[in-house]
Every structure is written in structure tokens, then in C-alpha cells.
Amino acid sequence: MTHSELPYANSCVRLGHYDPELAVYTQGLDSLGKDCLQTPSADTAALTARFDAKVERDEKIEPKEWMPDAYRRTLVRQISQHAHSEIVGMLPEGNWITRAPTLRRKAVLIAKVQDEGGHGMYLYSAAETLGVSRDELVAQLLAGTAKYSSIFNYPTLTWADIGAIGWLVDGAAIMNQIPICRCSYGPYARAMVRICREESFHQRQGFEIMMTLARGTPAQRAMAQDALNRWWWPSVMMFGPSDAESQHTAQSMRWKIKRFTNDELRQHFIDVTAPQADFLKLTVPDPELRWDEATQHYRCGEIDWSEFHRVVKGHGPCNRERLQARRSAHEQGRWVREAASAYAEKTRARARRLEESA
Ligand SMILES: [Fe+2]
Ligand SMILES: [Fe+2]
């Protein structure tokens, strides 16, 4: 699966300022295996054959093993964009923590937003195993050169949006992420197992909010319908460009990073979600949506790809606001990072002194 087909990172723009020669072999250098380092080209064919055979046998590729540069770059791009998406994804929902309608809803929402922060941390750690530093990745996000899922550039206008995000956005994320549990790169696959368990709780809590609103007063029903109207198409677009337009799908499927195409995943999402909307007695804002007996799938209307590209290029409703929020959080957290580093250094120095005096 490539960056453009990420559950959350549906951009088709490459990470900027990424120099594989510098970034891949920086802080992870001394922890990488010998055969990871520059290899004479005569050996490359044999290493590639060994790598391909391993992928073919469905064995995991681990950080210290040799891997093609392009595989490493694809993973760094995909995992980091996924991590950024988890972190930026905390913002639209964080917006409603102080205004959650009940104490129970508030506690659940805090836990959910905190989970997303944890997902970002696992994923930055998984990216670091490929030899890129977290500081570098965060710097790319803050500079605006890294991409994250454009779904998080839409505003959360009412409480029903929190329901719609859990139901649709986390629902779409699950469709995308379950296959990544079988991704050929070990650290990414293992991170996804726990993430998927938590995503499934997120999806259910969102659906439960929608159910409560849909069975509530006419005003609550209208609020749920309005949220579905605004979140449906951006959620469908989360699967990235159509297969015909997707540049990286074929290679990523050969590498077993990606297991299904964007359109296959999108179709699966629509097939699962449309009956849920019926159950809620809400209307999906697609007049062409209908069940097709012949194919045993839902058919749907045309996606407005111009909107998708506009938001990916930075012109969505909240792109600027999201980056600004991340930049000021980074600035305001500087003293915490400095204090934590100073404390870690002090602890290490104390341990060294104790060792020396023993
Ligand atoms: Fe998440
Ligand atoms: Fe989630």
C-alpha cells in the first residue's frame, strides 16, 4: 500500500525534502545490520532475489534486513503520513472535548482522542526502525511538506460530527488498516494489530452516538443527517484516488505492503456502511446509491475528485488551522521535551556513576 492509498494519508504528493541517502541511514545507522549498508551492485541482484522470495513466502521483513531502497522509502512515506494523520486527526475531535453533552461522552471522547495520539506514537516508532528520525518527520509535518489525510481538514461543526467521524472515518480507517496487519514489514504490521482493536472501539462509539441522535428529537435527527451529509463523501475519498489514477498500487501489492486496491476497499466500505445508514433511517447523500443484485454490491455516484485534489493541495476548509494548531502545540511543548531530555540525561549520568563506583 503506498502513501496515496493510506487509510488516512490519501495524498498523492510525495514527502518533500526527503533525501533517501541522508534520511535512511541517519540515527538508525549503528543499529542496522551489515547487509543494510551500501552494497556493491553485483550483490544487489542476489539480495533482491532473497528479499522477493521472502515476501513471496509471506515472511516478515525486519528492520535489520536488507531491503530495496524504494521499499524502504515507500514505507517511510506511508508510515509517517499515517502517523501524521493520527496526530492531526486528534484536532477535529479534540475540539468537542469541552463541549461533550454528558460526562460519559466526555470520558469516552478523551479516551478516543488519546488513543489516536498513541497510534501516532507507535507509527513514528515503526518509521524510526527504517532509519529516519522522529524529529525529521515532525519537522516535515510542521513545515507543511509532509502530507496527512485530507479528511482532517474538514471542520466539526456540531456534536453529531463526533458520531459521524467515529462511524465513518474510523470505519473507513478499519477497512484500510486491517489488511496492513498482514503487511510484509514486521514493525508496521505489528503496530497495526493493536491500532485496529482500538479503531473498532472508535467506530462503535461513533455509531452509538449516531444511533442515539437518530432516535432522538427531530432536531437531533436533523443534526445526525446533516453530519452524514457533510462526512459521507470525504470518507469515501479517504481510500485515495481510483485505481486507474493510483500510481503506486501495483508495486505496493507486489511488495505485499498493500493487499487490496483503493477501489476494492472503497467498495467494501460502501457495502458495509450503506445498510448501517438504513438501520439508522438516515439517507446517504448519494441519489445514485443502490444495491445491485447482479454484482451483489452497492453502486454509487461519481466522486468529485476536484474537491479531493483541492483539499490535498492545502485548500480545504481547515488546512491552515490544523497546521497552525500543530505548530503552536510543538512550540508550547518545547519546555516539556527539554525537561524530559534533561531528566533522562541526569538519570543516565547517575546510572553511569553508580556503575563506576561499584
Ligand atoms: Fe487511529
Ligand atoms: Fe480512531
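Bear in mind that the values here come from a model prediction, so they are computed numbers and not experimental data. Counting convention: from 1, in listed order, for ligands and their atoms alike.
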Student: Is there an N/O/S atom in Asp115 that lies less than 2.8 Å from the Fe ion (ligand 2)?
Tutor: no

Student: Is the side chain of Arg72 donor-acceptor paired with the backbone N or O of Leu130 at a distance under 3.5 Å, no angle test?
Tutor: yes

Student: So, are Arg259 and Glu264 salt-bridged, with charged N and O less than 4.0 Å apart?
Tutor: no

Student: Please work out whether the ring planes of Trp305 and Phe308 are parallel, tilted or perpendicular, with thresholds of 30° and 60°.
Tutor: perpendicular

Student: Salt bridge or not between Glu62 and Lys54? Use side-chain N to carboxylate O under 4.0 Å.
Tutor: no

Student: To make sure I understand the geometry: which N, O or S atom in Glu116 is closest to the Fe ion (ligand 2)?
Tutor: OE2

Student: Would you name the N/O/S atom of Glu86 that lies closest to the Fe ion (ligand 1)?
Tutor: OE1

Student: Do Arg353 and Glu356 sit within salt-bridge range, that is, some charged N less than 4.0 Å from a carboxylate O?
Tutor: no

Student: Of all N, O or S atoms in Glu199, which has the smallest distance to the Fe ion (ligand 2)?
Tutor: OE1

Student: Could you check which N/O/S atom of His119 is closest to the Fe ion (ligand 1)?
Tutor: ND1

Student: With the Fe ion (ligand 2) as the point of reference, which N/O/S atom of Asp170 is the closest?
Tutor: OD1

Student: If you look at His202, which of its N/O/S atoms is nearest to the Fe ion (ligand 2)?
Tutor: ND1

Student: Are Gln267 and Asp271 close enough that a side-chain donor and a side-chain acceptor fall under 3.5 Å?
Tutor: yes

